[in-house]
There are 2 protein chains.
Amino acid sequence: MSDLLERLRTRGWRLTPQRRVIAEVLAGEHVHLTAEEIHARAQTKLPETGLATVYNTLNELVSLREILEVSTGEGPKRYDPNVRRPHQHLLCIRCAELRDVYPAEAPTLPASEQHGYEVLDAQITFRGLCPECRKQSPASS
Amino acid sequence: MSDLLERLRTRGWRLTPQRRVIAEVLAGEHVHLTAEEIHARAQTKLPETGLATVYNTLNELVSLREILEVSTGEGPKRYDPNVRRPHQHLLCIRCAELRDVYPAEAPTLPASEQHGYEVLDAQITFRGLCPECRKQSPASS
DNA sequence: TTGAATGCAAAGTGTTTGCACGTGC
DNA sequence: GCACGTGCAAACACTTTGCATTCAA
């Protein structure tokens, strides 16, 4: 589970209580949270945790490539602790829940469509309605 | 080209000079612009054009499904006038240029990975370096 | 001990909104 | 004529930054 903390320690990361709690929140969740949500959960464990520290820490973890920053196109970014296993995302367009999916193949862009770009990766987001939101109103976009 | 204006007129859209100019800017460009860029171009044609009006108009066109709003994950949103032909995007991670690509297949999510969602569509963004940015510094992320 | 991390509040972006004025139909 | 569009500035949501203080190593 949270070998995240292990890895960070061996990489010489300065381990403060706030950082530990933030890393725990990330590792303990299976849905991808926003900075505010991470802050709220962190504060229940350690009240003296500022929102700015949460942002600072998240940005640092992104730079260290220990988490992924995911923008849903609407509202705040979400942070994905699952960097080890390549995956794609499934987004609820109503409630913005974001979860991982593991489909078969990653698409590639034919050379004829690369237009001189050096293509590094492809990011896929499936969009739809989560089970909860389907109940409330099955259709309409 | 700009049958966009045709369609809007027949849909009973109130056609002001500002709206005409904004629609022309959208139709005339092959790269996807930000609201600021659209505003700047619109002002060269019609100086009395406010940024708020640009945002209002773009949002309205999005609701009318005459343009697409595309978030690049970093920085401002971009607006894609190409709503007729299904396509995907190629994004430069350095300069944020965004262009359309037309690869073969749209991926589908196997039922076993749908987790109770009603999947509506899939959005693919290929990420890489555009020709210009490759010149300046071919690698490093 | 000391450089790095923290909380807070202020600043920064990108976007939306309230309101008085102007205008397409 | 009048409902709707406009420009402007203020408000807004999210994120970053400056600075004095605290603390992990």
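Below, read A as the first sequence line, B as the second, and so on, with proteins coming before strands; counting in each chain starts at 1. Worth saying up front: this structure is predicted, and the values here are computed from it rather than measured.
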Does a side-chain N or O from B/Tyr55 land closer than 4.0 Å to OP1 or OP2 of C/dT16, or not?
-> no
Hey, does the side chain of B/His39 reach the backbone of B/Glu37 with a donor-acceptor pair shorter than 3.5 angstrom?
-> no
Which heavy atom in A/Ala35 sits nearest to a heavy atom in A/Val54, and how many Å separate them?
-> O-CG1, 3.8 Å
Let me see the working for A/Glu118 and B/Arg94 under salt bridge (Lys or Arg N to Asp or Glu O under 4.0 Å), right down to the final yes or no.
-> CA-CA 12 Å; A/Glu118 177 183 350; B/Arg94 195 104 78 203; over 6 Å; no
If we ignore angles and hydrogens, is there a donor and acceptor under 3.5 Å between the side chains of A/His32 and A/Arg99?
-> no
Between the main-chain N or O of B/Tyr102 and the side-chain N or O of A/Glu113, is there a donor-acceptor pair closer than 3.5 Å?
-> yes
Over how many whole Å does the gap from A/Arg11 atom CZ to D/dA24 atom C1' extend?
-> 19 Å
Could you give me the CA-CA distance, side-chain angles and deciding distance for B/Tyr55 and B/Glu60, then say whether side chain to side chain donor-acceptor pair (under 3.5 Å) is met?
-> CA-CA 8 Å; B/Tyr55 275 110; B/Glu60 186 139 353; over 6 Å; no
Closest-nucleotide 5' rank along DNA chain C - winner of B/Ala52 and A/Leu51 = A/Leu51
So how far off straight is the helix from C/dT1-D/dA25 to C/dC25-D/dG1, going by the axes through five pairs at either end, to 10°?
-> 40°
Length of the CH2-C1' vector between B/Trp13 and D/dT6, whole Å | 13 Å
Which is true for A/Asn56 with a 4.0 Å heavy-atom rule: it touches a base, it touches only sugar-phosphate, or it touches nothing?
-> base
Would you indicate what B/Glu36 reaches in the nucleic acid, counting non-hydrogen atoms under 4.0 angstrom: base, sugar-phosphate, or nothing?
-> nothing
Within the structure shown, what part of the strands sits under 4.0 Å from A/Pro17 by heavy-atom distance: base, sugar-phosphate, or nothing?
-> sugar-phosphate
Rounded to whole angstroms, how far apart are CZ on A/Arg19 and P on C/dG7?
-> 11 Å
Phosphate OP1/OP2 of D/dT6 contacted by B/Thr16 side-chain N/O (<4.0 Å) = yes
Answer yes or no: does a side-chain N or O of A/Gln18 lie under 4.0 Å from OP1 or OP2 of D/dC23?
-> no
Between CD of A/Gln43 and P of C/dC8 the distance, given in whole Å, is 8 Å
Ignoring the backbone of B/Leu15, work out which of C/dC25, C/dT15, D/dT6 is nearest its side chain.
-> C/dC25
Atom pair distance, as rounded to whole Å: CG in A/Asn59 and P in C/dT6 | 12 Å
Quick one: does NZ or CZ of A/Arg134 land under 6.0 Å from the six-membered ring centre of B/Tyr117, within 45 degrees of the ring axis?
-> no
Spacing of B/Leu61 atom CG relative to D/dG5 atom P, expressed in whole Å | 12 Å
Out of D/dT6, C/dT15, C/dG24, minimum distance to the side chain of B/Thr57 belongs to D/dT6
Give one of base, sugar-phosphate or nothing for A/Thr49, where a contact means two heavy atoms less than 4.0 Å apart.
-> sugar-phosphate
Could you check which residues of residues 72-80 of chain B get a heavy atom under 4.0 Å from DNA chain C? Sort them by number, please.
-> B/Pro76, B/Lys77
Euclidean distance, atom NE2 of residue B/His39 to atom C1' of D/dT6 [Å, nearest integer] = 12 Å
Does the distance from a Lys or Arg side-chain N to an Asp or Glu carboxylate O, for B/Glu66 and B/Arg11, drop under 4.0 Å?
-> yes
Residues forming a salt bridge (Lys or Arg N to Asp or Glu O under 4.0 Å) with B/Arg14, sequence neighbours excluded | none
A/Arg65 side chain to A/Val83 backbone, donor-acceptor under 3.5 Å = no
Value in whole Å for how far the P atom of C/dT23 lies from CZ of B/Arg14 | 11 Å
